[in-house]
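The structure appears below as structure tokens.
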Protein chains: 2
Amino acid sequence: MNREALKGHLDLLILSVLADGPLHGYAVIDELRTRSGEVFDLAEGTVYPVLHRLEVAGHLSSEWGEVGGRRRRSYRLTRAGSARLEQQRASWQLFSASVNTVLRRKPWPSTP
Amino acid sequence: MNREALKGHLDLLILSVLADGPLHGYAVIDELRTRSGEVFDLAEGTVYPVLHRLEVAGHLSSEWGEVGGRRRRSYRLTRAGSARLEQQRASWQLFSASVNTVLRRKPWPSTP
DNA sequence: GGCTACGCCTCGTAACGCTAGGTGTAAAGA
DNA sequence: TCTTTACACCTAGCGTTACGAGGCGTAGCC
């Protein structure tokens, strides 16, 4: 898979897994890996900055907790985050449909 | 549409339109805009460097010509370019399918 | 004569994902 | 006991990329 393929689509993926309930960062990575069938195996250095960015943007809210002696920061979608997710979904639909259209186009059949 | 959405997918699109026959740079832009229903309206500063990069990589070959007093550089897919296209296609299929899988996943239905 | 479309080019910038490095706890294995 | 692995967080810097802005030149139209 292309190294840059995720660019511009990562927010969508992360918002998407968080739409099914709050998760902490590490769990987001796990969830994405599992759901995608090991295709998306994201580095921590990839995911954490995104979570921070989304929180600053108001699309996520976070809450510190502790489980089994380990600090965790749990993220949940805000109302704005849900709206953002829907918008990103639509954006993805348009994008992928357009790519597929370009890909499917074949040259004119020979008309003898 | 996301500003970065194209990243990592642009080569695929360009190789794809060139698979249906040689085109010069300006025509590539036109073709992509038309095929995508105006969705992909790429800047020249985006496309020309990609064509150069793909040529250096051996995926395209170019030929200068003149039509109506205007210089044109026509690009055509090499054999390596065709192989690259197929590989990129497969890559896109995997990527988009994986994104869709992540998007479609819903929380477990309540089992009362 | 000026504007638009055609047709090519390059430099600089911003944004992004990721590598590499760091901190710390808990559990499992040697 | 010591070390490794998994969990869980963080950040600075790097490389790639698409794109904006600018430049060069021709043809055709108003």
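Heavy atoms only: backbone and side chains are in, while hydrogens, waters and symmetry mates are out. Just so we're on the same page: letters track the sequence lines, and every chain starts at 1. Not measured: the values here are computed from a predicted model.
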For [X] and [N], give me the distance from atom [atom1] to atom [atom2], rounded to whole Å.
{"X": "D41(B)", "N": "dA5(C)", "atom1": "CG", "atom2": "C1'", "answer": "14 Å"}
{"X": "L23(B)", "N": "dC6(C)", "atom1": "CG", "atom2": "P", "answer": "15 Å"}
{"X": "Y26(A)", "N": "dA26(C)", "atom1": "OH", "atom2": "C1'", "answer": "13 Å"}
{"X": "E66(B)", "N": "dA27(D)", "atom1": "CD", "atom2": "C1'", "answer": "12 Å"}
{"X": "L32(A)", "N": "dG17(C)", "atom1": "CG", "atom2": "P", "answer": "12 Å"}
{"X": "R72(A)", "N": "dA6(D)", "atom1": "CZ", "atom2": "C1'", "answer": "12 Å"}

*At under 4.0 Å between heavy atoms, which parts of nucleotides 10-20 of chain D does protein reach? Answer with one letter per nucleotide, 5' to 3': B base, S sugar-phosphate only, - none.*
BB---BBBSBB
*Looking at S98(A) and S36(B), what are the two nearest heavy atoms and their distance?*
OG-O, 4.2 Å
*Looking only at non-hydrogen atoms, find the nearest pair between H9(B) and A5(A) and report the distance.*
NE2-O, 3.0 Å
*Which residue pairs pass the salt bridge (Lys or Arg N to Asp or Glu O under 4.0 Å) test with at least one member in residues 37-51 of chain A, sequence neighbours excluded?*
R33(A)-D41(A)
*asked:* Does anything in residues 69-83 of chain B form a salt bridge (Lys or Arg N to Asp or Glu O under 4.0 Å)? List the pairs, not counting sequence neighbours.
replied: E55(B)-R73(B)
*So, does T78(A) use its side chain to make a donor-acceptor pair with the main chain of H59(A) at under 3.5 Å?*
yes
*Working to the nearest 0.5 Å, report the span between CG of L77(A) and CD1 of I14(A).*
11.5 Å
*Under 4.0 Å between a side-chain N/O of R70(B) and OP1 or OP2 of dA27(D), yes or no?*
no
